[in-house]
Participant: 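The structure under discussion is supplied below as structure tokens; questions concerning it will follow.
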Amino acid sequence: MTKWLVQMKPQTLDHIIAMVALFRPGPMEFIPDYISRMHGESPVEYRHPAMQPIFQDTYGIPIYQEQIMRAAVELAGYTPSEADDCARPSRRRKRKISRSTVKNSFRVP
């Protein structure tokens, strides 16, 4: 982690908290992108404009479970309880969620 923190050059406590959240198997692959976006070396990209207010504090990278839950509520119409179920696989070692579970959860207006 020290190597990444030296490259990051954190300016705020939020930067350190994000590094701690990213320093886990899986999310660790986003550390180089986070650092380059933080320093303005890479553009911050959002898959949809509605995701900007949710992910702008983390430079377009979903780091926290709360961000995933908020995206599920605001973009997919999930209830908060359903959004928690959606984020639950990210809390387990086995991070597999069936395609049918996600597909059946979306509401079409």
Side-chain angles (χ1 to χ4, degrees):
M1 183 184 300
T2 303
K3 174 185 108 172
W4 293 118
L5 285 169
V6 169
Q7 287 182 13
M8 176 190 259
K9 299 176 187 144
Q11 301 293 311
T12 67
L13 182 60
D14 288 338
H15 292 154
I16 296 169
I17 292 168
M19 180 57 71
V20 170
L22 284 166
F23 199 74
R24 287 172 169 64
M28 196 177 287
E29 69 188 58
F30 296 113
I31 292 174
D33 289 336
Y34 182 90
I35 293 171
S36 66
R37 291 176 184 191
M38 180 182 142
H39 293 299
E41 298 165 357
S42 298
V44 176
E45 299 172 356
Y46 304 97
R47 291 186 176 236
H48 190 279
M51 294 179 132
Q52 183 173 354
I54 301 169
F55 299 112
Q56 72 184 21
D57 291 340
T58 55
Y59 307 100
I61 298 173
I63 296 178
Y64 307 112
Q65 293 174 16
E66 293 80 5
Q67 290 174 307
I68 295 167
M69 292 170 57
R70 182 175 167 199
V73 169
E74 292 183 17
L75 302 174
Y78 282 33
T79 65
S81 175
E82 291 169 332
D84 184 51
D85 291 341
C86 179
R88 186 165 287 137
S90 68
R91 294 185 282 245
R92 297 186 184 145
R93 288 196 179 267
K94 293 182 181 181
R95 294 185 176 161
K96 188 171 183 179
I97 186 168
S98 73
R99 196 176 276 232
S100 63
T101 301
V102 173
K103 186 176 179 182
N104 293 335
S105 296
F106 280 92
R107 292 178 183 76
V108 179

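For clarity, every value in this text was computed on a predicted model and none was experimentally measured.
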Participant: Of all heavy-atom pairs between A50 and P53, which one has the smallest distance, and what is that distance?
Facilitator: O-CD, 3.4 Å
Participant: Under 4.5 Å between any side-chain heavy atoms of I63 and L22, yes or no?
Facilitator: yes
Participant: I need the M51 CE to L75 CG distance, nearest 0.5 Å.
Facilitator: 5.5 Å
Participant: Given 3.5 Å as the limit, does a donor-acceptor pair link the side chain of Q67 with the main chain of Y64, or not?
Facilitator: yes
Participant: How long is the gap from CE on M19 to CE on M1, to the nearest 0.5 Å?
Facilitator: 7.5 Å
Participant: Please list all pairs passing the ring pair (Phe, Tyr, Trp, His ring centres under 6.0 Å) test where one or both residues lie in residues 24-63, with sequence neighbours left out.
Facilitator: Y34-Y59
Participant: Using side chain to side chain donor-acceptor pair (under 3.5 Å) as the criterion, list what pairs up with R37, not counting sequence neighbours.
Facilitator: none
Participant: Rounded to the nearest 0.5 Å, what separation is found between the CG atom of D14 and the CE atom of M38?
Facilitator: 10.5 Å
Participant: Check whether any side-chain heavy atom of Q11 lies under 4.5 Å from a side-chain heavy atom of H15, and answer yes or no.
Facilitator: yes
Participant: With a 4.5 Å limit on heavy-atom distance, are the side chains of K3 and Q7 in contact?
Facilitator: yes
Participant: Between E82 (side chain only) and T79 (backbone N and O only), is there a donor and an acceptor less than 3.5 Å apart?
Facilitator: yes
Participant: Using salt bridge (charged side-chain N to carboxylate O under 4.0 Å, His left out) as the criterion, list what pairs up with E45, not counting sequence neighbours.
Facilitator: none
Participant: Does the side chain of D33 come within less than 4.5 Å of S42's, by heavy atoms?
Facilitator: no
Participant: Check whether any side-chain heavy atom of I54 sits under 4.5 Å from a side-chain heavy atom of E74, and report yes or no.
Facilitator: yes
